[in-house]
Each structure stands twice: as C-alpha cells, then as structure tokens.
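Read the structure below first, then the notes.
Side chains are part of it too, since the values below use all heavy atoms of this structure and drop only hydrogens, waters and symmetry mates. The shown structure was predicted, so the numbers you read here are calculated from the model rather than taken from an experiment.
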Amino acid sequence: MRTILSIAAILMALSLPLFGKPDTPYDPDTVVAYDHILSPLQQDIVDELYESLSAYDYSITFSKAVREADLDAAIEHILTDYPELFHVDLSYQYWYREDGWIESVDFQSLMGKRQAKKYQKDLFDVAYSLVSQLPEDADDFYKEVLLHDTLCAYIGYSLEDELDYTAVGALLYGRAACEGYAEAFALLLRLAGIPCSAVGGIGGTGDDTEPHAWNIVSIDGDYALVDVTWDDGDEYISHGWFNITSEEMSRDHNPDAIYDSLPQADSSHLSWFAVMGLEVTGAVDDVELAKWLIDTSLAEEGPIEVRFSDAAEYEDFSCRFGEIAEECAHKYGLDVALTWYGEPVQQVFALEAS
C-alpha cells in the first residue's frame with residue numbers, strides 16, 4: 001500500500017506546474033489569457049520562457065523536451081501578452097531532437113541589455129505615473145475609460161519603427177501600431193489591478209483585412225472587448241469598440257485560433273454607450289434626436305456619439321441626417337456648422353457642432 005501511495009504521489013507531483021505563474025511586475029492573475037488559452041503543460045513552457053527572457057537570456061534549453069504545437073502556443077502568448085518583454089524580437093529558431101521533440105529555442109533581441117534595462121525603467125516610470133493619476137474613488141470602469149482615452153489622446157498610429165509594435169513606442173514615444181496600443185493598454189490596466197490581455201487576429205471586413213490586435217478586459221468579473229487602436233480616430237476619440245460583446249467584435253475582428261477558449265463577452269452593460277445613456281434602442285423621433293445631438297455637442301464643445309442597437313435604425317438616421325439637420329435649423333433657428341461621422345459596422349453615429 002505504501003508503494004502504491006508513493007507512486008501516486010510522484011505522479012501527482014509530476015503533473016503539477018514546474019514554475020508557477022510568471023513573476024511579473026504586476027499581479028500575474030491580471031493576465032486573462034494565461035488561465036484560459038493555455039494547457040497546464042503550455043503554462044509550464046510560458047513560465048520557463050518568461051523566466052529566461054525577463055533575465056535577458058535568449059537561448060533557452062527546456063527542462064524537458066516539448067512538442068512543437070505546445071511551444072507554438074506558448075510563444076504566441078509570450079510574445080503577445082507581456083509588454084515588459086518588448087526587447088524580444090518576433091523571430092526565433094527551434095532545435096529538435098531526432099524524435100521530433102524540441103529541446104531548445106533561440107530568440108533574438110531588439111537591443112542590448114543596457115538599453116533594454118533603461119527602456120524598462122522608463123516604461124514603468126511612465127506607466128506608474130499614469131496609473132497614479134487615476135482618482136482613488138473611481139471604479140474599474142471609469143479607470144478603464146480614463147486610461148483608454150489617455151492612450152487615444154497621446155498616441156499616433158505609426159508603423160515606422162520596431163518599437164512602434166511595443167508598449168515602449170506607445171508610452172515613451174507616443175507612436176504605435178495596433179500591437180503597441182494593445183500592449184500599452186494591457187500594461188496600464190494590470191498596474192491598476194484590472195485583468196486584461198492582448199488578443200491577436202485579423203481586423204476588417206471583406207477584402208479590407210489585415211493582422212490586428214485588441215484587448216479582452218474583466219470588469220467586476222464580467223468580460224468585454226476593446227480596440228483602442230480603432231477608437232483613436234483622426235478627428236475625435238471614439239468609444240465604438242469600447243467594452244463591446246464578442247458578437248459585436250466578431251463583425252470586424254477575427255481572433256487567432258489560440259484565443260477560441262477565451263471567456264465570451266456576452267453582456268453589453270459595460271459598453272460606453274450603455275453606461276453613459278447614449279444607446280439608441282427602438283424607434284426614435286429622428287428630428288428630436290438630431291437636435292439633442294447638436295445641442296449636446298455645442299454645450300460640450302466637442303463630438304457626441306450614440307450607438308444604435310438596430311442596424312436599420314442607424315442606417316435610416318444616417319441617410320436622413322442631412323435632411324434632418326436642415327429641418328432642425330429651420331424649426332429651431334439653429335445656425336451651426338456640422339460635421340458627422342458614421343461607423344456602419346458598429347452602428348455608431350458621431351456629430352460635432354460648432
């Protein structure tokens with residue numbers, strides 16, 4: 001009996017994670033994807049990779065050989081979801097044993113160790129500074145809004161430099177590709193104690209698609225999806241892709257297969273429009289809605305946007321708005337300059353009056 005129990009104990013020990021969650025500079029439990037997209041074995045690989053890469057060791061021999069599929073999943077996660085590993089290049093090489101299992105992997109660095117450490121310090125100095133400015137009495141939703149809007153106001157879209165694809169480009173230089181936006185947002189939310197992960201995939205519709213990155217966020221146990229890049233419009237900060245559902249995001253975002261097991265975002269109550277009372281549901285008086293939008297934009301001296309829950313209502317209002325604006329000007333004596341923007345896929349209508 002004692003022998004059987006000893007064997008059982010050994011087998012149980014072998015099945016446990018070897019490293020535990022990565023020793024990240026934020027609460028590791030705020031990395032949403034880790035617990036949802038990775039098997040226990042893949043988590044072990046991530047932990048081993050993170051331990052070496054965070055110490056600027058780019059040649060990693062595994063404690064035990066791994067399968068290619070498991071290593072592929074671990075590397076996609078490690079290169080997408082840990083903003084502090086900005087110094088790791090996306091290229092790498094596997095070293096195989098004769099039986100086809102992988103015993104080591106070599107990564108490339110984007111910079112020297114001294115420069116990486118300097119960037120690391122500067123990155124977290126800026127990130128902690130931004131998070132420290134959040135109102136202490138704000139709930140997680142409003143902290144998320146403030147950080148979202150801060151990034152949109154500060155960052156300009158850029159593909160010119162390798163750092164544009166990192167949180168360093170976003171937070172230190174104010175320029176980023178979608179990956180930089182997503183990694184910076186994940187870093188700031190995690191430091192604020194809000195669970196978040198970056199998600200990779202394809203963005204766009206029809207023939208107009210390209211590789212893209214966005215975020216999944218957990219607010220009070222509920223999940224929502226955010227695309228900070230697409231909310232950073234040329235003319236104004238939008239919230240059309242802020243805390244939307246999986247169904248809404250799937251209209252123009254297709255995540256990579258590894259993210260299929262992420263939690264579903266099923267409730268729309270966390271969206272900007274729901275919380276702010278800017279969601280148009282059912283039939284409305286188009287003229288009254290147009291006048292309210294104009295008056296609100298004038299009062300706030302900036303754009304105002306609403307979201308239609310019904311695509312047909314959005315289409316009808318958008319198509320008629322020019323005519324409606326003339327009706328408003330005539331009926332209410334308005335003499336204002338109007339600019340309006342439409343986002344048909346997400347059914348968002350924005351207006352700016354001056």
Any side-chain donor near an acceptor of the partner, Glu144 and Asn243, under 3.5 Å | yes

Does a donor on one side chain sit under 3.5 Å from an acceptor on the other, for Glu248 and Thr245?
-> yes

Give a yes or no answer on whether the side chain of Ser104 reaches the backbone of Thr61 with a donor-acceptor pair at less than 3.5 Å.
-> no

Value for CD1 (Ile75) from CG (Leu53), rounded to nearest 0.5 Å, stands at 8.5 Å

For Val217 and Val226 the tightest heavy-atom approach is CG2-CG2, 3.9 Å

Pair Glu323 + Arg320: basic N to acidic O under 4.0 Å | yes

Run through His239, Glu279, Gln346, Glu343 and flag the one making a side-chain hydrogen bond (donor to acceptor under 3.5 Å, both in side chains) with Arg307.
-> Gln346

Report the distance from atom CD of Gln42 to atom CD1 of Ile37, rounding to the nearest 0.5 Å.
-> 8.0 Å

Value for CH2 (Trp292) from CG (Asp285), rounded to nearest 0.5 Å, stands at 14.0 Å

Shortest non-hydrogen pair, Cys178 vs Pro211, comes out as SG-O, 4.2 Å

Could you tell me whether a side-chain N or O of Ser246 sits under 3.5 Å from a main-chain N or O of Ala265, the two making a donor and an acceptor?
-> yes

Under 3.5 Å side-chain donor-acceptor pair for Gln93 and Asp106 = no

Establish whether Ile202 and Ile216 are linked, either directly or via other cluster members, by ILVMFWY side-chain heavy-atom contacts under 4.5 Å.
-> no

For the pair His87 and Ser109, evaluate side-chain contact (heavy atoms from CB on, under 4.5 Å) and give the outcome as yes or no after the intermediate values.
-> CA-CA 6 Å; His87 51 89; Ser109 62; 5.5 Å; no

Could you tell me whether Asp47 and Lys21 have a side-chain N and a carboxylate O separated by less than 4.0 Å?
-> no

Any side-chain heavy-atom pair of Thr209 and Asn254 under 4.5 Å = no

Whether Glu313 side chain and Ser309 backbone form a donor-acceptor pair below 3.5 Å = no

Among Gln115, Lys113, Lys121, side chain to side chain contact (heavy atoms under 4.5 Å, CB included) partner for Lys117 | Lys113

Assess whether side-chain contact (heavy atoms from CB on, under 4.5 Å) is satisfied between Arg175 and Asp161, documenting all intermediate values.
-> CA-CA 9 Å; Arg175 62 175 192 256; Asp161 189 89; 3.8 Å; yes

Do the non-hydrogen side-chain atoms of Phe321 and Leu338 ever get within less than 4.5 Å of each other?
-> yes

Return yes if a side-chain donor-acceptor contact under 3.5 Å exists between Asp232 and Tyr181, otherwise no.
-> yes

Taking atom types as modelled, find out whether Asp252 and Thr205 have a side-chain donor-acceptor pair closer than 3.5 angstrom.
-> no

More than 12 heavy atoms of other residues, nucleotides or ligands under 6.0 Å from CG of Asp23: is that the case?
-> no

Beyond-backbone contact of Thr166 with Glu179, side-chain heavy atoms, under 4.5 angstrom | no

Search all heavy atoms of Ala33 against all heavy atoms of His77 and return the closest pair with its distance.
-> CB-CE1, 3.9 Å

Verdict with reasoning, Glu68 to Ile102, per side-chain contact (heavy atoms from CB on, under 4.5 Å) | CA-CA 7 Å; Glu68 184 173 333; Ile102 300 169; 3.9 Å; yes

Look at the side-chain heavy atoms of Ile, Leu, Val, Met, Phe, Trp and Tyr, link any pair under 4.5 Å apart, and say whether Tyr157 and Phe242 land in one connected group.
-> yes

Mind checking whether Phe62 and Leu71 have side chains closer than 4.5 Å, heavy atoms only?
-> yes

With a 3.5 Å cut-off and no angle check, do the side chains of His212 and Asp227 form a donor-acceptor pair?
-> yes

Would a line drawn from the ring center of Tyr236 to the ring center of Tyr341 be shorter than 6.0 Å?
-> yes

Answer yes or no: is there a side-chain heavy-atom contact under 4.5 Å between Phe124 and Leu187?
-> yes

Among side-chain atoms of Glu84 and Tyr50, is any donor-acceptor pair under 3.5 angstrom?
-> yes

Answer with yes or no whether the side chains of Glu183 and Tyr165 bring together a donor and an acceptor at under 3.5 Å.
-> no

Backbone N or O of Asp29 within a donor-acceptor pair of the Asp27 side chain at under 3.5 Å?
-> yes

May I ask you to decide if Ala198's main-chain N or O and Asp81's side chain share a donor-acceptor pair within less than 3.5 Å?
-> yes

For Tyr259 and His36, does a side-chain donor sit closer than 3.5 Å to a side-chain acceptor?
-> no

Give the minimum heavy-atom separation between Phe185 and Cys196, together with the two atoms involved.
-> CD2-SG, 4.4 Å

Measure the CG-NE2 distance between Leu188 and His148 for me, rounded to the nearest 0.5 Å.
-> 12.5 Å

Would a 4.5 Å heavy-atom cut-off, applied to side chains only, mark Met249 and Trp241 as touching?
-> yes

Over 60° means perpendicular and under 30° means parallel, so classify the ring planes of Phe317 and Phe349, tilted if in between.
-> perpendicular

Side-chain heavy atoms of Cys328 within contact of Val287, under 4.5 Å | yes

Is it the case that more than 12 heavy atoms not belonging to Glu160 sit under 6.0 Å from its CD atom?
-> no

Neighbour count >12 (heavy atoms, 6.0 Å) for atom CG, Asp99 | yes

Charged N to carboxylate O below 4.0 Å: is that the case for Lys143 and Asp139?
-> no

Are Leu172 and Leu110 connected in a single hydrophobic cluster, I mean Ile/Leu/Val/Met/Phe/Trp/Tyr linked by side-chain heavy atoms less than 4.5 Å apart?
-> yes

Pair Asp72, Tyr94: side-chain N/O donor-acceptor within cut-off below 3.5 Å = yes

Would you check if Tyr82 and Tyr34 make a side-chain contact, meaning some heavy-atom pair closer than 4.5 Å?
-> yes

Between Trp340 and Glu352, is a side-chain contact (heavy atoms from CB on, under 4.5 Å) present by the stated rule, with each step listed?
-> CA-CA 6 Å; Trp340 60 90; Glu352 185 169 8; over 6 Å; no

Any donor-acceptor pair under 3.5 Å from Ser197 side chain to Val32 backbone = yes

Rounded to the nearest 0.5 Å, what separation is found between the CD1 atom of Ile304 and the CE atom of Met276?
-> 10.0 Å

Are the side chain of Ser297 and the backbone of Ile294 linked by a donor-acceptor contact shorter than 3.5 Å?
-> no

What's the spacing between Ser271 OG and His269 NE2 if we round to 0.5 Å?
-> 9.5 Å

Is a donor on one side and an acceptor on the other found under 3.5 Å between the side chain of Arg251 and the backbone of Val345?
-> yes

Shared hydrophobic cluster for Tyr142 and Ile237 (ILVMFWY, side-chain gaps under 4.5 Å) = no

Scanning both residues in full, the closest heavy-atom pair of Leu38 with Ala73 reads CD2-O, 4.1 Å

Please answer: with hydrophobic residues joined when any side-chain heavy atoms are less than 4.5 Å apart, are Tyr92 and Trp101 in the same cluster?
-> no

Just checking, any donor-acceptor pair under 3.5 angstrom between side chains of Ser158 and Asp164?
-> yes

Please report the shortest heavy-atom distance between Leu147 and Ala192, naming the atom on each side.
-> CD1-CB, 4.4 Å

